[in-house]
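Written below as structure tokens is the structure these notes are about.
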Amino acid sequence: MITREEISILLDHPVYDGDGNKIGDAKHVFLDDASGRPEWVTVKTGMFGSSESFVPMRDAALVKDHLEVPYRKDKIKGAPNVDIDAGGHLSVDEEQRLYEYYGINWDSVLGDPAEREGGTGTGTGTAGTGTAGAAGAAGVAGAAGAAGTAPEPGRTAGTPGAAGHRGEARTGPRDDAMTRSEEQMHVSVERREAGRARLRKYVVTEEVQQTVPVRHEEVRVEREPITEANRGEAMEGPEISEAEHEVTLHEERPVVTTETVPVERVRMTTEEKSEETTVRGRVRKERIEAETEMDEDSGRRGRDVPGKGRE
């Protein structure tokens with residue numbers, strides 16, 4: 001049996017039939033007015049959850065994050081449509097019609113003490129006291145009795161219009177709207193090491209060429225005639241003799257030397273450059289499509305999606 005504490009777990013979670021087929025998602029839970037125990041769950045069925053079917057919870061089981069009920073999917077989808085009053089309650093007649101559809105004996109519902117835990121009463125209630133559906137020690141069904149019926153042992157007859165109602169487990173007005181969500185892409189930047197740069201000094205040998213002027217001495221023989229001016233010098237010495245005169249010749253040669261001189265200072269700095277980068281990614285978006293299922297008597301078949309039902 002599902003407890004009230006487990007209602008928040010199963011709402012908006014899948015519901016599976018006895019064969020392991022998914023029926024839909026649990027939408028609302030209706031409680032017994034007397035015991036406060038979950039009695040009915042509505043399941044969104046049909047394309048895009050366009051229909052809502054009532055399923056009894058007396059034999060349902062919560063397995064991990066989904067609800068399992070002992071009824072086939074087609075059986076649940078064919079459950080009769082019921083009207084719920086403005087207070088979110090299920091009437092006695094509607095509840096009895098649902099129990100008959102699921103093959104559950106109405107008398108067994110009224111007399112099942114295991115599912116109708118009572119309060120602290122003595123089990124002998126008084127009709128018309130305003131405790132509609134309140135249980136005695138033996139337990140009471142929320143649908144017990146109608147106006148003017150005598151209370152059975154262990155039960156209190158309900159007041160007119162209040163007996164047998166199932167209260168919906170919700171705190172505010174019923175909201176049938178869907179929430180459509182989508183993912184948004186957010187791009188940020190992170191600073192990371194992209195590489196290293198270094199200065200390295202090494203020695204290379206190059207061939208260089210430079211032109212410089214050099215001088216050298218050459219011998220040139222000069223002859224001059226004997227004149228009155230030089231006759232005295234010419235007549236000095238023997239008349240006929242051998243003689244030798246030597247002249248030292250000079251020349252210049254290039255001499256190469258090297259010296260080390262500083263020519264420049266080299267250092268490394270960094271600067272930031274900005275550029276535009278296009279980032280591509282994938283985001284998921286929900287789409288909501290409306291579908292209308294028409295009865296055969298209306299003369300229209302298939303889906304009726306106003307405006308194609310697209311957002």
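Keep in mind that this is a model prediction, so the values were computed, not measured.
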| task | Report, as yes or no, whether the 6.0 Å neighbourhood of atom CG on Asp74 holds more than 12 heavy atoms from other residues, nucleotides or ligands. | result | yes
| request: Verify, without hydrogens or angle tests, whether Glu39 (side chain) and Phe30 (backbone) share a donor-acceptor contact under 3.5 angstrom. | output: no
| query | Using 4.0 Å as the upper bound for N to carboxylate O, is an ion pair formed by Arg215 and Glu252? | reply | yes
| said: Please give me the minimum heavy-atom distance between Ala26 and Leu10, naming the atom from each residue. | reply: CB-O, 3.3 Å
| field | Salt bridge present between Arg97 and Glu94 (N-O < 4.0 angstrom) | value | yes
| remark: In short, Val15 meets Asp25 closest at the heavy-atom pair CG2-C, 4.3 Å
| message | Would you compute the distance between atom CG of Asp12 and atom NZ of Lys27 and round it to the nearest 0.5 angstrom? | response | 5.5 Å
| query | Would you say the side chain of Val29 lies within less than 4.5 Å of the side chain of Val41, judging by non-hydrogen atoms? | reply | yes
| Atom pair NE2/CD1 of His28 and Ile7 - distance to nearest 0.5 Å | 12.0 Å
| query | Once the angle between the rings of Trp40 and Tyr99 is folded into 0 to 90°, is it parallel (under 30°), tilted (30 to 60°) or perpendicular (over 60°)? | reply | tilted
| message | Set out, in order, the CA-CA distance, both residues' side-chain angles and the distance that settles side chain to side chain contact (heavy atoms under 4.5 Å, CB included) for Val219 and Val247, then state yes or no. | response | CA-CA 8 Å; Val219 175; Val247 177; 5.5 Å; no
| task | Starting at CZ of Arg72, measure out to CG of Asn21 and round the result to the nearest 0.5 Å. | result | 7.5 Å
| Any link between Val187 and Val283 through a network of hydrophobic side chains (Ile, Leu, Val, Met, Phe, Trp, Tyr) touching at under 4.5 Å? | yes
| request: Show your working on ring pair (Phe, Tyr, Trp, His ring centres under 6.0 Å) between Tyr101 and Phe54 and close with a plain yes or no. | output: CA-CA 11 Å; Tyr101 174 79; Phe54 276 79; over 10 Å; no
| Rounded to the nearest 0.5 Å, how far apart are CD1 of Ile23 and NZ of Lys77? | 10.0 Å
| request: Go through the steps to decide whether Thr277 and Val189 satisfy the test side chain to side chain contact (heavy atoms under 4.5 Å, CB included), and finish with yes or no. | output: CA-CA 11 Å; Thr277 299; Val189 296; over 6 Å; no
| CG of Asp17 to NZ of Lys22: how many Å apart, nearest 0.5 Å? | 12.5 Å
| Got a donor-acceptor contact below 3.5 angstrom from the Glu183 side chain to the Arg284 backbone? | yes
| field | Contact summary for Ile226 and Ala234, nearest pair of heavy atoms | value | CD1-CB, 3.6 Å
| query | Hey, what do you get for CG (Leu31) to NE2 (His89), rounding to the nearest 0.5 Å? | reply | 9.0 Å
| said: For Met268, I'd like to know if atom CE has over 12 heavy atoms of other residues, nucleotides or ligands within 6.0 Å. | reply: yes
| Does Arg220 come within less than 4.0 Å of Glu222, counting only side-chain N to carboxylate O? | yes
| query | Would a distance-only check, ignoring hydrogens and angles, find a side-chain to backbone donor-acceptor pair under 3.5 Å from Arg37 to Asp32? | reply | no
| query | side chain to side chain contact (heavy atoms under 4.5 Å, CB included) between Val261 and Glu259: does it pass, once the steps are laid out? | reply | CA-CA 6 Å; Val261 294; Glu259 66 174 329; 4.1 Å; yes
| Test item: Leu67 and Val43 side chains (from C-beta on) under 4.5 Å apart, heavy atoms | no
| Hey, is the main chain of Lys285 close enough, under 3.5 Å, to the side chain of Glu182 for a donor-acceptor pair? | no
| task | State, yes or no, whether a side-chain contact exists between Val214 and His216 at a heavy-atom distance under 4.5 Å. | result | no
| task | State yes or no: do Val69 and Leu62 share one hydrophobic cluster built from I, L, V, M, F, W and Y residues joined by side-chain heavy-atom distances below 4.5 Å, directly or via other members? | result | yes
| Exam field: side chain Glu6 to backbone Thr3, donor-acceptor pair closer than 3.5 Å | yes
| Distance-only, no hydrogens or angles: does the Asn81 side chain make a donor-acceptor pair with backbone N or O of Glu52 under 3.5 Å? | no
| query | Should Ile76 and Tyr102 count as side-chain neighbours, where that means a heavy-atom distance under 4.5 Å? | reply | yes
